[in-house]
Amino acid sequence: MRTAPIIIEHVSHWLEYFTLAELFFVLNEDARISLFDKFRIGKIASAVRHTFMSDQLDEHVKMLIEDLSTAFCQSRPLHKPTSLSSIMIRQNDHFLVPFRSSCPSCNRTLDVSDAVQRRIRLYCLNGSVVIGTMITFHCHQNHSNYLCNNDNSSIMIYPNFSRINNRNIYTHNSLYHGNYIYLGGDVAIERSVIDKYTAQIIHHDFSIIGIAASMNQEAFNLGYYQLAPIERRLLSNILHAYLIIQIDLSMGYASVSVPCSLEDFSQWAWEEFPRLLTCFIYLWANHRTLIGSCGEHCSKCLVVDGHQKSRRRICAFKDVKVETEEMKELLIGCCRTPVRWSRFCSLHNKETLFTANKQSKPNSQKKKINRKFIRYFSKKSHKKNGHLNVTGCRTIKERSDLYVQKCTRSLGIIALVSNCRIITSFSELYRSETIREIINLFAITIRVAGQLAPTCVYDDGCHLVKYIKNHIGADLSQTPAMLLLDSTPISVDRSHFRNHVGTFCRKTMNPDKNPLLKDVNTQAAEQTFSWLKQYAQIISNLNYQRAPLFMLVLFHLKNLSKVKRSTSCIFNIASAIPNVHGVSLCHLAHNTFQHSSTSQQNMQISINEKPTHSLNFQQIDLPQGTTDWDTKMRDIMSKRN
Ligand SMILES: [Zn+2]
Ligand SMILES: [Zn+2]
Ligand SMILES: [Zn+2]
Ligand SMILES: [Zn+2]
């Protein structure tokens, strides 16, 4: 017999009250509607009454389900009603269920009595905005031993995280659970919105504003229901947070703990930026060993270059200095976004109020003064360097330091890109000490990665080499990183080399005479920046907390696509990440008191003792170049006082 006699008996009993069709309908709905839906019986009963024009009581429907669902379940692979498979099978449209059904602390199996149901707005990929139902589990047991000291703190299991002590804890399993993503607040989004965004962002300059607008347009064109139009700020907060949590988890951390309110997320992410950047540098500078070689010439050389297109608004206060392991004093300028109606950030607005008032002359007059000063300055610098240019190289770009002084836009970014086009590290520029910031970027990269490529390329390489040779041991401390950089051969890239006409450059900077650069792409940074150019508009509209993280996410996604890895893959490097001080200069400016120079001793760097150049560096005296701005700056400052 296909059906057990006991079931036949039960079914025939219920057939006295229900028709066969009603019976079938009820059991189907029972299987479809989530177990954690508090109103499931009521819903099923009214659906039966509506569909069959009958007057079945809620109580009867409830008894029927209790009596038969176990038997009916014989055809379904369900045993434990709160098992994950049960949750997934019962998951239906617009229904968000917790990512686990047991308490992580007391291991209690949670059921409908622990469930709390609430309504949220759902942003779908096609632009429709609908009401969704979200179930969360609350465990109120005494969890004092678990992650918190608070005796009566409860643990809540959400669809994509658990909430303990007002922190949202994400794990790989929780983040990738379900078809919707809920990170807090009143809005969840369909997972495909993020999947689509992450796939497209590295190929197009999609701003999140543009995505929100196009989703709204699609909903309008096709007449999809929208509870309210998609709010771009909400959508961008969710995408931003998701991608950062994703990067954090992909570095091999077991869990990520973030503030429970999405509004506090930006500040949290900004504070975590140095750690994430350290992971980024460690991973990508060592991608050949950690991920696998991308070809014959993988990681043969690092190309450093500056990119001036992505410039965001920054505070006009420039006198921010930091101390690094190599430099006693590095002027970096303030990275923060100016407050409204001001040229200064909230930090420097008060400090500079007095001087700002003094300077508030009519605009035209200010411009005139500017121009006069620039003319004076350029004449002066010409006089000073003019005769040397005949023998030196022609790489001097005229740029007024006064302009930099007045400028309320960042100067773009500098980045180290491997010849296989992996972005290995980057830094934003707020001021003009380019050459010293490049040296610092090298130092940081060496300290984090524990190594440097066999050779480096820079389009103004001669001035970089000159600066290192002339300053090492003096205002550039002889750290292991500096010694390694000093012993690494640096060349000028192939397309810029013809501009370098000085004897020193001709002799030492020729990329074609550097055997390490044979068949190696020295244009990698330029190629990367021509890709980055399309994001200039997006980046220049971001504030100081978002911009560095957006770039981190963008570069990470770009690199992942280069090495053909999925965005959800995990690199188990978290335990290997060194604790390096000062990875992000602007963060250094915000907490200079936390200085510790312990990382210097713990470093393991293999330094090539023999310098590869046989030239005598004692006599290097190049004309002042673009990048030797410190001296010029000091010059100007002394003139002004
Ligand atoms: Zn518990
Ligand atoms: Zn590579
Ligand atoms: Zn400021
Ligand atoms: Zn040169």
Side-chain angles (χ1 to χ4, degrees), residues 34-38 80-88 90-91 95-120 122 132-189 191 194 237-265 267-269 272 275 568 570 574:
S34 170
L35 275 179
F36 309 118
D37 191 334
K38 291 225 158 132
K80 206 170 133 202
T82 48
S83 71
L84 204 58
S85 67
S86 155
I87 292 176
M88 294 306 287
R90 285 173 190 262
Q91 179 168 325
F95 214 83
L96 284 76
V97 292
F99 73 95
R100 60 183 291 167
S101 57
S102 62
C103 173
S105 172
C106 61
N107 282 324
R108 197 164 65 82
T109 300
L110 303 162
D111 58 27
V112 67
S113 63
D114 304 301
V116 173
Q117 191 165 330
R118 71 180 266 214
R119 304 175 105 197
I120 48 165
L122 265 182
T133 307
M134 180 175 70
I135 308 288
T136 51
F137 285 140
H138 293 222
C139 183
H140 299 285
Q141 303 283 69
N142 186 357
H143 298 120
S144 51
N145 56 339
Y146 189 74
L147 288 175
C148 51
N149 312 313
N150 202 344
D151 279 345
N152 48 14
S153 69
S154 63
I155 290 181
M156 288 176 246
I157 316 284
Y158 281 79
N160 297 107
F161 55 86
S162 25
R163 182 170 290 172
I164 302 163
N165 252 357
N166 288 327
R167 304 285 293 180
N168 291 353
I169 317 287
Y170 292 87
T171 62
H172 192 265
N173 281 343
S174 76
L175 189 67
Y176 295 105
H177 169 258
N179 296 327
Y180 302 98
I181 289 158
Y182 175 78
L183 306 182
D186 298 322
V187 173
I189 64 172
R191 182 175 295 278
I194 285 202
N237 284 347
I238 295 173
L239 290 174
H240 176 74
Y242 180 90
L243 291 169
I244 290 162
I245 294 165
Q246 185 177 52
I247 284 199
D248 210 333
L249 288 170
S250 78
M251 295 302 174
Y253 292 99
S255 65
V256 176
S257 160
V258 312
C260 66
S261 141
L262 263 185
E263 283 81 60
D264 299 331
F265 188 88
Q267 179 64 28
W268 173 85
E272 295 298 312
R275 179 177 62 82
S568 61
I570 296 179

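Shown here are the side-chain hydrogen bond (donor to acceptor under 3.5 Å, both in side chains) partners of Y158, two or more places apart in sequence or in another chain: R163. Residues satisfying the salt bridge (charged side-chain N to carboxylate O under 4.0 Å, His left out) criterion with R275, sequence neighbours excluded, are D248, E272. In this structure Q267 satisfies the side-chain hydrogen bond (donor to acceptor under 3.5 Å, both in side chains) test together with E271, Q545, sequence neighbours excluded. By the side chain to side chain contact (heavy atoms under 4.5 Å, CB included) test, N173 pairs with T171, sequence neighbours left out. Not counting sequence neighbours, the partners of A241 by the side chain to side chain contact (heavy atoms under 4.5 Å, CB included) test are L183, L262, F265. Applying the ring-ring contact (aromatic ring centres under 6.0 Å, His included) criterion to H172, with sequence neighbours excluded, gives Y176. Residues meeting the side-chain hydrogen bond (donor to acceptor under 3.5 Å, both in side chains) test with D186, sequence neighbours left out: R118. Considering only residues two or more places apart in sequence or on other chains, R108 meets the salt bridge (charged side-chain N to carboxylate O under 4.0 Å, His left out) condition with D114. A search for side chain to side chain contact (heavy atoms under 4.5 Å, CB included) contacts involving A188 returns L96, I120, L122, Y182, not counting sequence neighbours. Looking at residues two or more places apart in sequence or on another chain, you find a side chain to side chain contact (heavy atoms under 4.5 Å, CB included) between S162 and F99, I157, I169. When the side-chain hydrogen bond (donor to acceptor under 3.5 Å, both in side chains) test is applied to R191, the partners found at least two apart in sequence or on another chain are Y242.
Separation of atoms OG (S250) and CD1 (I245) is listed at 12.0 Å; rounding is to 0.5 Å. With rounding to the nearest 0.5 angstrom, the CD1 atom of I194 is 6.0 Å from the CG atom of L243. Residue M156 holds its CE atom at 10.0 Å from CD1 of I164, rounded to the nearest 0.5 Å. Atom-to-atom distance recorded for S154:OG and H140:NE2 is 5.0 Å, nearest 0.5 angstrom.
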Trace of the side chain to side chain contact (heavy atoms under 4.5 Å, CB included) decision for S101 with F137: CA-CA 8 Å; S101 57; F137 285 140; 4.1 Å; yes
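With hydrogens and angles ignored, the 3.5 Å screen pairs no side-chain donor or acceptor of N165 with any backbone N or O of R167. Counting only distance, with no hydrogens or angles, the side chain of S102 and the backbone of T109 share no donor-acceptor pair below 3.5 Å.
Within the structure, salt bridge (charged side-chain N to carboxylate O under 4.0 Å, His left out) pairs that include any residue of residues 250-262 do not occur (at least two apart or interchain).
Contact of the P104 side chain with the I155 side chain is registered, since non-hydrogen atoms from C-beta on lie closer than 4.5 Å. Taking the side chain as every heavy atom from C-beta outward, C139 and L110 approach each other to under 4.5 Å. Side-chain contact between L249 and L175 is present, with at least one heavy-atom pair separated by less than 4.5 Å. Looking at heavy atoms from C-beta onward, L239 lies in side-chain contact with I189 at the 4.5 angstrom threshold. Side-chain atoms of I135 and V116, non-hydrogen and from C-beta on, never get closer than 4.5 Å to each other.
Of all heavy-atom pairs spanning V256 and W268, the tightest one is CG1-CH2, 3.8 Å. The minimum heavy-atom distance linking H177 with P159 is given by the pair ND1-O, 3.0 Å.
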